[in-house]
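Here the structure is laid out as structure tokens; the discussion comes afterwards.
Computed over heavy atoms, backbone and side chain alike; hydrogens, waters and symmetry mates excluded. Keep in mind the model is a prediction, meaning the values are calculated, not measured.
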Amino acid sequence: MQSSACVADAVVEAGKRCSLTKSVLAEWARRGTPRQVEYLLGYLEAEGASRDASKRAQLLRRCALPQAKTFEGYDWSCVSWPDGFGRDDLLSLSFLGDREDLVLMGDVGTGKTHMAEALCVLACQSARAARFFTASSLVGRLRRARDEGRLDRELAQVGRAELLVVDELGFLPLDVDGARLLFQVVSQAYETQSVVFTTNLEFSRWGSVFGDDQMAAAVIDRVVHHGRLLQFRGESYRVRHALMSPGGGVAE
């Protein structure tokens with residue numbers, strides 16, 4: 001008779017070789033004693049929880065966040081909500097199911113990027129794919145892919161995310177080539193993904209980012225059609241908690 005250790009090792013090896021089918025599970029559940037069936041249920045629940053945790057961790061790694069921030073302790077005081085959309089709608093991620101976009105617009109340091117990062121974490125915890133890019137890093141990534149003859153593949157990978165964040169739109173101007181690449185992403189995402197933009201520029205100034213008023217108008221047209229505008233106003237969090245005052249002295 002095999003020892004308990006040998007049987008345990010055999011169970012592990014057998015588990016690696018197969019995925020359980022419905023018919024096999026039904027048969028073993030029928031054949032087992034109540035205690036055995038209870039043990040089998042415990043195993044299956046533990047296996048499911050382990051797989052779910054692995055999937056969430058993989059999604060979070062693939063998201064490539066600069067910081068995996070959450071909404072715990074988040075300062076909501078700077079946020080102005082649009083009609084028909086509030087904090088509960090944001091935290092429920094209902095906008096993802098409707099393929100709605102969000103534009104987080106307003107003053108520097110008021111929590112726009114923090115919110116975008118926390119939304120990515122929330123999506124990954126809900127087993128929903130998310131990707132995070134700054135506008136400049138996304139354009140650079142697409143430019144390299146195009147130069148290497150794999151732009152379509154790169155666009156397809158970006159397009160698989162249910163939630164796509166484009167951070168810091170307007171912090172750095174785009175050349176015409178970069179603007180066209182970013183437009184391809186926005187056009188591809190229209191009604192198929194939810195895109196979250198963070199920006200300190202009002203829509204009227206997006207032409208300066210894209211270097212072309214018509215292209216900016218085409219982007220805005222797609223974003224506002226199924227989009228919500230969240231406005232951020234207030235003093236920069238970093239300034240409020242800075243060791244050095246903006247005037248050059250040391251904060252008191």
Side-chain angles (χ1 to χ4, degrees), residues 1-74 84-102 114-133 150 152-165 185 188-196 226 228:
M1 184 174 180
Q2 289 180 304
S3 68
S4 296
C6 290
V7 172
D9 290 341
V11 168
V12 171
E13 291 303 316
K16 291 179 179 178
R17 292 196 305 270
C18 65
S19 296
L20 298 178
T21 63
K22 184 176 180 179
S23 59
V24 171
L25 289 171
E27 180 183 355
W28 281 79
R30 185 176 60 252
R31 289 170 53 184
T33 66
R35 188 177 184 112
Q36 288 171 334
V37 173
E38 185 179 347
Y39 185 88
L40 178 61
L41 175 60
Y43 155 72
L44 292 172
E45 289 178 338
E47 177 67 18
S50 177
R51 292 187 182 190
D52 289 344
S54 295
K55 181 177 181 179
R56 290 193 295 268
Q58 184 181 45
L59 288 171
L60 195 57
R61 286 193 300 271
R62 191 176 299 160
C63 186
L65 288 169
Q67 297 184 66
K69 293 186 177 180
T70 69
F71 284 111
E72 183 176 357
Y74 184 78
F85 188 85
R87 187 191 305 187
D88 291 342
D89 300 295
L90 184 82
L91 297 179
S92 71
L93 301 177
S94 61
F95 67 95
L96 293 185
D98 296 330
R99 304 295 189 268
E100 293 178 350
D101 299 326
L102 300 179
H114 185 153
M115 178 181 284
E117 290 175 341
L119 284 172
C120 285
V121 171
L122 201 58
C124 293
Q125 290 173 342
S126 303
R128 306 172 89 160
R131 296 294 299 275
F132 184 101
F133 302 96
R150 51 180 182 83
D152 288 345
R153 188 162 71 250
E154 188 67 38
L155 286 169
Q157 288 180 353
V158 172
R160 279 195 283 270
E162 193 171 352
L163 170 62
L164 174 64
V165 170
V185 172
Q188 172 183 267
Y190 179 60
E191 296 188 331
T192 64
Q193 295 172 276
S194 289
V195 184
V196 174
H226 300 298
R228 312 274 188 171

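No donor-acceptor pair closer than 3.5 Å links the side chain of Ser50 to the backbone N or O of Ala46. Between the side chain of Ser194 and the main chain of Glu100, a donor-acceptor pair closer than 3.5 Å is present.
At least one side-chain heavy atom of Phe133 sits less than 4.5 Å from a side-chain heavy atom of Leu164.
With sequence neighbours left out, the ring-ring contact (aromatic ring centres under 6.0 Å, His included) criterion links Phe95 to no other residue. Thr21 is linked by a side chain to side chain donor-acceptor pair (under 3.5 Å) to Ser23, counting only residues two or more places apart in sequence or in another chain. Scanning for side chain to side chain donor-acceptor pair (under 3.5 Å) contacts around Glu162 gives Arg128, with sequence neighbours left out. Taking Tyr39 as the reference, nothing meets the ring-ring contact (aromatic ring centres under 6.0 Å, His included) condition, with sequence neighbours excluded. Under the rule for a ring-ring contact (aromatic ring centres under 6.0 Å, His included), the partners of Tyr74 that lie at least two apart in sequence or sit in another chain are Phe71, Trp76, His114.
Taking each heavy atom of Ala123 and Ala130 in turn, the nearest pair found is CB-CB, 4.2 Å. Among all heavy-atom pairs drawn from Ser94 and Asp89, the shortest one is OG-O, 3.3 Å. Scanning all heavy atoms of the two residues, the minimum distance from Ala127 to Arg56 falls at N-CG, 4.5 Å. Shown here for Gln188 and Gln193, the closest heavy-atom pair between the two residues is NE2-OE1, 4.3 Å. Counting all heavy atoms, side chain and backbone alike, Leu122 lies closest to Leu91 at CD2-O, 3.3 Å. Taking all atoms of both residues into account, the shortest heavy-atom contact from Ala129 to Arg160 is CB-O, 4.2 Å.
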* Would you check, one step at a time, whether the test side chain to side chain contact (heavy atoms under 4.5 Å, CB included) holds for Val195 with Val185? => CA-CA 10 Å; Val195 184; Val185 172; 6.0 Å; no
* **Worked check of side chain to side chain contact (heavy atoms under 4.5 Å, CB included) between Leu119 and Val165** => CA-CA 9 Å; Leu119 284 172; Val165 170; 5.8 Å; no
* Could you give me the CA-CA distance, side-chain angles and deciding distance for His226 and Arg99, then say whether side chain to side chain contact (heavy atoms under 4.5 Å, CB included) is met? => CA-CA 7 Å; His226 300 298; Arg99 304 295 189 268; over 6 Å; no
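The number of heavy-atom neighbours closer than 6.0 Å to CZ of Arg153, taken from other residues, nucleotides and ligands shown, is 12 or below. Enclosure of atom CD in Glu47 by more than 12 non-hydrogen atoms of other residues, nucleotides or ligands within 6.0 angstrom is indicated.
To the nearest 0.5 Å, atoms CG (Asp152) and CD (Gln157) are separated by 11.5 Å.
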Let me have the donor-acceptor pairs involving side chains of residues 58-70, under 3.5 Å, with sequence neighbours excluded, atom names and distances please.
unit_1 : atom_1 : unit_2 : atom_2 : d
Thr70  : OG1    : Glu72  : N      : 3.3

